[in-house]
Amino acid sequence: HVGGKRSSDIVRCGGTVELKERPVTIYSIELVDYVPPFARINVHCSSGTYIRSLARDIGKLAGSCACLEQLQRTQVGGFLLQDALPLPFTPCELQNALQPVTPEVFTKLGIACIEIETGNEACAIRNGKPLYQIPLLTAQPKTEKENTAALFFEGEFIAVIKKDACGNWHYGFVNN
């Protein structure tokens with residue numbers, strides 16, 4: 001994002017952008033297949049890695065140029081492509097594949113889960129009470145994504161909340 005807008009949207013509208021370099025981690029990279037001029041690689045990388053830039057950089061290092069023809073994400077957090085419902089699927093297959101939203105789902109995404117202590121607090125959240133009035137939410141979740149948390153009461157998903165730049169919690173989604 002540049003100035004709050006996707007850089008790809010800016011370019012598609014005729015603008016130009018200069019993207020700043022940022023550190024990323026490539027845990028592994030493997031050449032799976034090479035049939036000139038196409039190479040297929042598997043990359044295990046840190047969050048925030050821009051794979052199109054990686055392809056460009058590989059092309060430059062090879063003394064040429066490169067771009068992506070296809071990109072397939074095989075894992076997001078703890079969710080694996082092999083566990084996904086294959087396309088196309090029927091409404092019945094989708095209904096059978098749906099699972100309840102549990103703390104484990106958010107944990108796989110690196111999002112903190114906060115258990116609301118009382119039914120009154122859970123009711124207040126469902127009714128949109130300002131979050132600064134919920135004492136439990138003064139805690140600072142220590143997870144990969146410290147600015148987002150999922151709220152549960154007695155194991156039932158209640159809401160997703162997000163922290164703004166000033167450190168104040170706001171509703172992202174409320175499950176009524």
Side-chain angles (χ1 to χ4, degrees), residues 1-13 15 17 19-25 27 43-53 71-176:
H1 284 83
V2 176
K5 296 182 180 181
R6 288 177 173 242
S7 57
S8 58
D9 290 342
I10 295 169
V11 171
R12 284 187 189 110
C13 292
V17 293
L19 299 176
K20 296 178 185 175
E21 288 186 13
R22 61 180 182 188
V24 297
T25 302
Y27 302 109
V43 178
H44 179 207
C45 56
S46 62
S47 177
T49 303
Y50 194 54
I51 298 298
R52 287 174 178 81
S53 296
L71 174 63
Q72 182 179 52
R73 187 180 300 258
T74 59
Q75 181 175 351
V76 176
F79 298 98
L80 303 175
L81 178 62
Q82 65 201 36
D83 298 330
L85 191 61
L87 294 172
F89 53 81
T90 66
C92 185
E93 290 170 322
L94 176 61
Q95 183 65 37
N96 291 335
L98 292 176
Q99 298 177 7
V101 179
T102 63
E104 290 77 22
V105 170
F106 289 99
T107 300
K108 283 183 176 184
L109 293 170
I111 296 174
C113 294
I114 299 173
E115 183 70 24
I116 300 302
E117 295 178 350
T118 69
N120 286 341
E121 287 180 332
C123 185
I125 291 167
R126 284 189 175 107
N127 290 323
K129 182 177 182 178
L131 292 169
Y132 66 85
Q133 296 178 7
I134 310 292
L136 183 65
L137 299 183
T138 58
Q140 301 288 323
K142 298 295 179 201
T143 64
E144 182 180 319
K145 298 177 180 160
E146 294 181 11
N147 294 330
T148 305
L151 306 181
F152 288 83
F153 176 65
E154 295 181 346
E156 182 184 345
F157 171 62
I158 299 175
V160 172
I161 58 174
K162 297 180 178 219
K163 194 182 288 184
D164 64 20
C166 298
N168 300 311
W169 290 106
H170 299 278
Y171 291 102
F173 174 82
V174 179
N175 186 27
N176 286 323

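Heavy-atom basis, side chains included; hydrogens, waters and symmetry copies ignored. Keep in mind the model is a prediction, meaning the values are calculated, not measured.
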### Task
Determine whether N175 and F173 make a side-chain contact, defined as any pair of heavy atoms from C-beta on separated by less than 4.5 Å.
yes

Show me the donor-acceptor pairs, under 3.5 Å and distance only, between side chains in residues 96-103 and residues at least two apart or in other chains.
| from | atom 1 | to | atom 2 | distance (Å) |
| --- | --- | --- | --- | --- |
| N96 | ND2 | C92 | O | 3.3 |
| T102 | OG1 | E104 | N | 3.4 |
| T102 | OG1 | E104 | OE1 | 3.0 |

### Query
What closest approach, in Å, do E121 and E117 show between heavy atoms, and which atom pair accounts for it?
OE1-N, 3.6 Å

### Side-chain heavy-atom pair V17, K5 within 4.5 angstrom cut-off
no

### Query
Looking at NE2 of H170 and CG of D164, how far apart are the two atoms once the value is rounded to the nearest 0.5 Å?
3.5 Å

### Query
At what distance, to the nearest 0.5 angstrom, does CD1 of I161 lie from OG1 of T148?
9.0 Å

### Message
Tell me which one of S46, S53, S47 satisfies side-chain contact (heavy atoms from CB on, under 4.5 Å) with T49.
### Response
S46

#### Entry: Residue list, side-chain contact (heavy atoms from CB on, under 4.5 Å) with R6, at least two apart or on another chain
H1, S8, D9

### Query
To the nearest 0.5 Å, what is the distance between CG (N147) and CH2 (W169)?
7.0 Å

### Query
Taking atom CD1 of I158 and atom CZ of F153, what is their separation to the nearest 0.5 Å?
7.0 Å

#### Entry: Set of residues satisfying ring pair (Phe, Tyr, Trp, His ring centres under 6.0 Å) with respect to H44, sequence neighbours excluded
Y27

### Query
Say you draw a straight line from CZ of R22 to OH of Y50; how long is it, rounded to the nearest 0.5 Å?
10.0 Å

### Task
For N127 and C123, indicate whether the former's side chain and the latter's backbone hold a donor-acceptor pair under 3.5 Å.
yes

### Query
V160 versus F106: any side-chain heavy-atom pair under 4.5 Å?
yes

### Spacing of CG belonging to N176 relative to CZ belonging to R126, to within rounding of 0.5 Å
7.5 Å

### Task
For the pair Y171 (side chain) and K129 (backbone), establish whether a donor and an acceptor sit closer than 3.5 Å, ignoring hydrogens and angles.
yes

### Message
I need the minimum non-hydrogen distance between I125 and V174, along with the two atoms involved.
### Response
O-CG1, 4.0 Å

### Message
I'd like to know if the side chain of E115 reaches the main chain of E154, judged simply by a donor and an acceptor atom lying under 3.5 Å from each other, with no hydrogens or angles considered.
### Response
yes

